[in-house]
Amino acid sequence: MNSTDPWTVDRIAHALPHPEARHEFLRLVNLTPIGDLPGLLARYVQAAEELIAGLPHARALAAQVRATGLDPDLDEVDEEIVRKWISRGRAQSSAA
């Protein structure tokens with residue numbers, strides 16, 4: 001499947017990187033009222049697109065970590081940034 005293919009529930013589920021995330025997504029799709037499905041699906045499409053867009057960076061970073069044993073992104077991360085990431089993740093989880 002390529003990036004021009006239309007999003008389907010199955011394609012969204014397969015774009016999620018962890019079995020637990022896929023299971024939670026499918027559970028929510030099955031339990032969400034029909035009228036609320038477009039919003040739920042739109043949030044997950046956005047998340048899937050962000051994951052796919054980040055793959056090249058993640059692969060390059062993984063290769064660099066394998067080669068050097070160091071994570072260059074961690075040198076630039078401070079505690080406030082980590083707190084914002086955690087906060088954002090919690091907000092997105094509760095919104096889904």
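Quick note: numbers below take in every heavy atom, side chains included, and nothing from hydrogens, waters or symmetry partners. The structure presented is a predicted model; accordingly, all values stated were derived computationally and were not measured.
In this structure, Leu26 and Ala13 approach most closely via the heavy-atom pair CD2-CB, 4.2 Å.
For Glu49, there are no salt bridge (Lys or Arg N to Asp or Glu O under 4.0 Å) partners at least two apart in sequence or on another chain. With sequence neighbours excluded, the residues satisfying side-chain contact (heavy atoms from CB on, under 4.5 Å) with Arg59 are Leu55. Every residue meeting the side-chain hydrogen bond (donor to acceptor under 3.5 Å, both in side chains) condition with His14, not counting sequence neighbours, appears here in chain and number order: Asp10. Listed by chain and residue number, Trp7, Ala15 satisfy the side-chain contact (heavy atoms from CB on, under 4.5 Å) test with Ala48 (two or more places apart in sequence, or in another chain). Residues satisfying the side-chain contact (heavy atoms from CB on, under 4.5 Å) criterion with Gln46, sequence neighbours excluded, are Glu50.
In the hydrophobic clustering of this structure, Ile34 does not group with Leu31; members are Ile, Leu, Val, Met, Phe, Trp, Tyr whose side-chain heavy atoms approach within less than 4.5 Å, directly or through other members.
No side-chain heavy atom of Val29 sits under 4.5 Å from any side-chain heavy atom of Tyr44. With contacts defined as side-chain heavy-atom distances shorter than 4.5 Å, the pair Thr32/Leu41 does not qualify. The side-chain heavy atoms of Phe25 and Asn30, taken from C-beta on, include no pair separated by under 4.5 Å.
Between the CG atom of Leu37 and the CG atom of Leu28 there is a distance of 10.0 Å, given to the nearest 0.5 Å.
Residue pairs satisfying the salt bridge (Lys or Arg N to Asp or Glu O under 4.0 Å) criterion with at least one member in residues 24-35, sequence neighbours excluded, are listed as follows: Glu24-Arg27.
Listed for the Arg11 side chain is a donor-acceptor partner under 3.5 Å among the backbone atoms of Asp5.
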